[in-house]
Novice: 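This is the structure I have questions about; it appears just below.
Since the structure is predicted, the reported quantities are computational estimates derived from the model, not experimental observations.
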Amino acid sequence: MSIDYQSLAVKGVQALSPYQPGKPIDELARELGLDPDSIIKLASNENPLGPSPKALAAVQKALGELCRYPDGNGFELKQALSARYGVVPSQITLGNGSNDVLEVIARCFADPACEVVFSQYAFAIYALVTQAIGATGVSVPAKEYGHDLNAMAEAVTDRTKLVFVANPNNPTGTVHGGEAIEAFLARIPAHVLVVLDEAYCEYLQGMGYVDGVSLLERFPNLIVTRTFSKAWGLASLRVGYSISSPEIANILNRVRQPFNVDSLALTAATAVLSDESYLQRSRQVNTEGMKQLESAFEQMGLNYIPSAGNFIAVDVGDWANDVNRLLLDQGVIVRPVGGYGMPGHLRVSIGLPEENDRFIESLARALDSLAAAESGKGA
């Protein structure tokens, strides 16, 4: 007897499409027969410096204990986070990447009877977790590719339980200053939780940015989420966290899976928090790389969205899919964002100077090739 197993899934899951991450280097190598060492990946907003030496040393030291379960409470990492951000450990919830924490938040506080508000062009996970639990997602039209905070506040109804705000936003890189965030939070009812996703906050410098953690005392309905996958260079180990009131953290930790962060991730994250020189170098490489790409786009006559993250979205128009294909042929992986409703854009992570040069040269070749082909059609 044939069984339609999809029909057995809960309603919200039935219509889900899996999240599509950036293409791995090994996958492209297999598909096109390329040498993996010849491929550069600028698709997943990873730190191009590689991991911190302090993180590597800590992981090496911890390898002998792989037979042991990790500390389910993450004591050492919570102590380090507490010291860095001036909070108490009971405010912290650890996750297998910040995605894990975002899903736990949704499962704790949203249900099929409620609404969850987020912005158009925002991180795809917000809509995915909302749909998975059967809640109603309210996508608020963006303003110049960024969050329209006024419209998002107006979209809150009696049914709203959660609001997701990414600052800076992925995939557009747009950012709001402290005054705008504080004014927005002041308009949200106390019983509605606001998740301020600050996955890229370490890259913000001199932008009028306010640290979301500093707002927790004034806005107890706020949850701040962050990750070690970007500026801290630990994407492979999957460790993120939220900081909230102890009351909210207590609820999140009831649903959080035991041992959801492994020992090596806990060890590396604790160690990297003390590597301030690594963080400063990450910021410097990112700032210089951003200028490098912006200058190239301007010379090519391409529009781009000014970004406060470690990536930039460039508009290549109707050729986006073709440009992406030609870049892949040259061993350059970037991220198409048609799934975000931006079919003409490609999102490019900031790499090392030589990686950025390689991308710029490959992009120019791709555009020239397509322009020549288009010209030939009209001849």
Novice: Search all heavy atoms of P171 against all heavy atoms of F311 and return the closest pair with its distance.
Specialist: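 Where P171 meets F311 most closely, the heavy atoms are O-CE1, 3.3 Å.
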Novice: Applying side chain to side chain donor-acceptor pair (under 3.5 Å), which residue pairs with at least one partner in residues 139-155 are found, sequence neighbours left out?
Specialist: N150-R187
Novice: Which pairs count as side chain to side chain donor-acceptor pair (under 3.5 Å) when at least one residue sits in residues 310-322, sequence neighbours excluded?
Specialist: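 Non-adjacent pairs meeting side chain to side chain donor-acceptor pair (under 3.5 Å): Y203-N310.
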Novice: Using every non-hydrogen atom in the two residues, find where T227 and S98 come nearest and quote the distance to one decimal.
Specialist: CB-OG, 3.8 Å
Novice: With sequence neighbours excluded, what pairs up with E361 under the side-chain hydrogen bond (donor to acceptor under 3.5 Å, both in side chains) test?
Specialist: none
Novice: Can you give me every donor-acceptor pair (side chain of residues 295-302, partner residue at least two apart or in another chain, under 3.5 Å) with its distance?
Specialist:
from, atom 1, to, atom 2, distance (Å)
S295, OG, Q299, NE2, 3.4
E298, OE2, Y304, OH, 2.6

Novice: Could you go through the side-chain contact (heavy atoms from CB on, under 4.5 Å) check for H176 and L149 one step at a time?
Specialist: CA-CA 9 Å; H176 285 283; L149 294 179; 3.7 Å; yes
Novice: State, with a plain yes or no, whether a side-chain heavy atom of Q280 is found less than 4.5 Å away from one of S277.
Specialist: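 Side chain of Q280 against side chain of S277, heavy atoms only: no contact under 4.5 Å found.
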Novice: Out of curiosity, L252 CG to I223 CD1, how far, rounded to the nearest 0.5 Å?
Specialist: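 If I round to the nearest 0.5 Å, the distance is 5.5 Å.
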Novice: Kindly determine whether L204 and E198 satisfy side-chain contact (heavy atoms from CB on, under 4.5 Å), including the steps that lead there.
Specialist: CA-CA 10 Å; L204 295 175; E198 294 187 329; over 6 Å; no
Novice: Could I get the full list of side-chain hydrogen bond (donor to acceptor under 3.5 Å, both in side chains) partners for R358, not counting sequence neighbours?
Specialist: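 side-chain hydrogen bond (donor to acceptor under 3.5 Å, both in side chains) check on R358 returns nothing, list empty.
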Novice: Could you check K41, R335, K230 and say which one makes a salt bridge (charged side-chain N to carboxylate O under 4.0 Å, His left out) with E46?
Specialist: K41
Novice: Does any part of the side chain of N45, heavy atoms only, come nearer than 4.5 Å to the side chain of Y200, both counted from C-beta?
Specialist: yes
Novice: I'd like to know whether V165 forms a side-chain contact (heavy atoms from CB on, under 4.5 Å) with F184, so could you lay out the CA-CA distance, the side-chain angles of the two residues, the decisive distance to 0.1 Å, and finally the verdict.
Specialist: CA-CA 10 Å; V165 175; F184 168 75; 3.7 Å; yes
Novice: For atom CD of E354, decide whether the heavy atoms of other residues, nucleotides or ligands shown that lie under 6.0 angstrom number more than 12.
Specialist: yes
Novice: Output the distance between atom CG (N356) and atom CG (L363), rounded to the nearest 0.5 Å.
Specialist: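 N356 atom CG to L363 atom CG measures 12.0 Å (nearest 0.5 Å).
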Novice: Should Q91 and P246 count as side-chain neighbours, where that means a heavy-atom distance under 4.5 Å?
Specialist: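 Yes, at least one pair of side-chain atoms sits under 4.5 Å.
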Novice: Among residues at least two apart in sequence or on other chains, which ones pass ring pair (Phe, Tyr, Trp, His ring centres under 6.0 Å) with F118?
Specialist: none
Novice: Is there a side-chain contact between N250 and S90 in this structure, where contact means two heavy atoms from C-beta onward sitting under 4.5 Å apart?
Specialist: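 The answer is no, as the side chains (C-beta and beyond) never meet within the 4.5 Å cut-off.
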Novice: Quick one: CD1 on I248 to CG on L222, what's the gap to the nearest 0.5 Å?
Specialist: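 CG of L222 is found 8.0 Å from CD1 of I248.
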Novice: Work out which heavy atom in I133 is nearest to a heavy atom in A106; give both atom names and the distance.
Specialist: CD1-O, 3.5 Å
Novice: Using a 4.5 Å cut-off on heavy atoms from C-beta on, say whether the side chain of R347 contacts that of M342.
Specialist: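 M342 does not reach R347 side chain to side chain.
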Novice: Ring centres of F123 and F164 under 6.0 Å apart?
Specialist: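 No, the ring centres sit 6.0 Å or more apart.
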Novice: Do I350 and T287 have side chains that approach each other closer than 4.5 Å (heavy atoms only, starting at C-beta)?
Specialist: no
Novice: Could you give all pairs that pass the ring pair (Phe, Tyr, Trp, His ring centres under 6.0 Å) test and reach residues 26-58, with sequence neighbours left out?
Specialist: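 Passing the test, one end in residues 26-58: no pairs.
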Novice: Is it the case that the side chain of Q330 and the backbone of S362 share a donor-acceptor pair, with hydrogens and angles ignored and the cut-off at 3.5 Å?
Specialist: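 Pair found, side chain donor or acceptor close to backbone of S362.
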Novice: How close do P112 and R159 get, heavy atom to heavy atom, and via which atoms?
Specialist: O-NH2, 4.2 Å
Novice: Would you check, one step at a time, whether the test salt bridge (Lys or Arg N to Asp or Glu O under 4.0 Å) holds for R218 with E182?
Specialist: CA-CA 10 Å; R218 289 177 51 200; E182 291 184 58; 2.4 Å; yes
Novice: Assess the residue pair Y340 and N170 against the criterion (side-chain hydrogen bond (donor to acceptor under 3.5 Å, both in side chains)); give the C-alpha distance rounded to whole Å, side-chain angles, the decisive distance to 0.1 Å, and a yes or no.
Specialist: CA-CA 10 Å; Y340 282 89; N170 172 30; 4.6 Å; no
Novice: Does the side-chain contact (heavy atoms from CB on, under 4.5 Å) test come out yes or no for V272 and Y278, once each step is laid out?
Specialist: CA-CA 8 Å; V272 79; Y278 175 82; 4.2 Å; yes
Novice: Could you go through R365 and D329, starting from their C-alpha distance and side-chain angles, then the distance that decides it, and tell me whether this counts as salt bridge (Lys or Arg N to Asp or Glu O under 4.0 Å)?
Specialist: CA-CA 11 Å; R365 280 194 290 269; D329 289 342; over 6 Å; no
Novice: Would you confirm whether N96, through its side chain, and V261, through its main-chain N or O, come within 3.5 Å as a donor-acceptor pair?
Specialist: no
Novice: If we ignore hydrogens and angles and just use 3.5 Å, is the side chain of N324 paired with the main-chain N or O of A320 as donor and acceptor?
Specialist: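 Not at all, since once roles are kept as given, no pair shorter than 3.5 Å links the two residues.
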Novice: For Q79 and P89, work out which heavy atoms get closest and say how close.
Specialist: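 Reported closest heavy-atom pair: NE2-CG, 3.6 Å.
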Novice: Check A80 against L273 and note the closest heavy-atom contact, atom names and distance.
Specialist: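 Looks like CB-CD1, 3.7 Å.
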Novice: Test: side chain to side chain donor-acceptor pair (under 3.5 Å). Region: residues 257-269. Which pairs qualify, not counting sequence neighbours?
Specialist: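 Output for this query lists D100-N260, R256-N260.
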Novice: Find out whether T157 and E115 are in side-chain contact, i.e. whether some heavy atom of one side chain is under 4.5 Å from a heavy atom of the other.
Specialist: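 Yes - at least one pair of side-chain heavy atoms lies under 4.5 Å apart.
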Novice: Got a second to check how far L216's CG is from L185's CG, nearest 0.5 Å?
Specialist: 9.5 Å
Novice: Backbone N or O of G309 within a donor-acceptor pair of the N286 side chain at under 3.5 Å?
Specialist: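 Flag set: sc N286 to bb G309 pair under 3.5 Å.
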Novice: With hydrophobic residues grouped by side-chain heavy-atom distances under 4.5 Å, do L102 and W232 end up in a single group?
Specialist: no
Novice: Is any side-chain heavy atom of L193 less than 4.5 Å from a side-chain heavy atom of V163?
Specialist: no
Novice: Identify, with sequence neighbours excluded, every residue that meets salt bridge (charged side-chain N to carboxylate O under 4.0 Å, His left out) alongside E355.
Specialist: none
Novice: Under 3.5 Å, which donor-acceptor pairs do the side chains of residues 55-71 form with other protein atoms, sequence neighbours left out?
Specialist:
from, atom 1, to, atom 2, distance (Å)
D71, OD1, N73, N, 2.9
D71, OD1, G74, N, 3.4
D71, OD2, F75, N, 2.8

Novice: Before giving the answer on side-chain hydrogen bond (donor to acceptor under 3.5 Å, both in side chains), spell out for S244 and S242 the whole-Å C-alpha distance, their side-chain angles and the decisive distance to 0.1 Å.
Specialist: CA-CA 6 Å; S244 63; S242 68; 5.0 Å; no
Novice: Name all pairs fulfilling the ring pair (Phe, Tyr, Trp, His ring centres under 6.0 Å) condition that reach into residues 86-109, sequence neighbours left out, sorted by first residue then second.
Specialist: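 Sorted pair list comes back empty.
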Novice: Give me the other members of the hydrophobic cluster that L34 sits in, counting Ile, Leu, Val, Met, Phe, Trp and Tyr linked by side-chain heavy atoms under 4.5 Å, directly or via other members.
Specialist: I25, L28, L32, I39, L328, I333
Novice: What is the distance from atom CD of Q131 to atom OG1 of T136, rounded to the nearest 0.5 Å?
Specialist: 10.5 Å
Novice: Does D368 reach the main-chain N or O of L370 with its side chain, forming a donor-acceptor pair under 3.5 Å?
Specialist: no
Novice: For the pair T172 and N169, evaluate side-chain hydrogen bond (donor to acceptor under 3.5 Å, both in side chains) and give the outcome as yes or no after the intermediate values.
Specialist: CA-CA 6 Å; T172 63; N169 181 51; 2.8 Å; yes
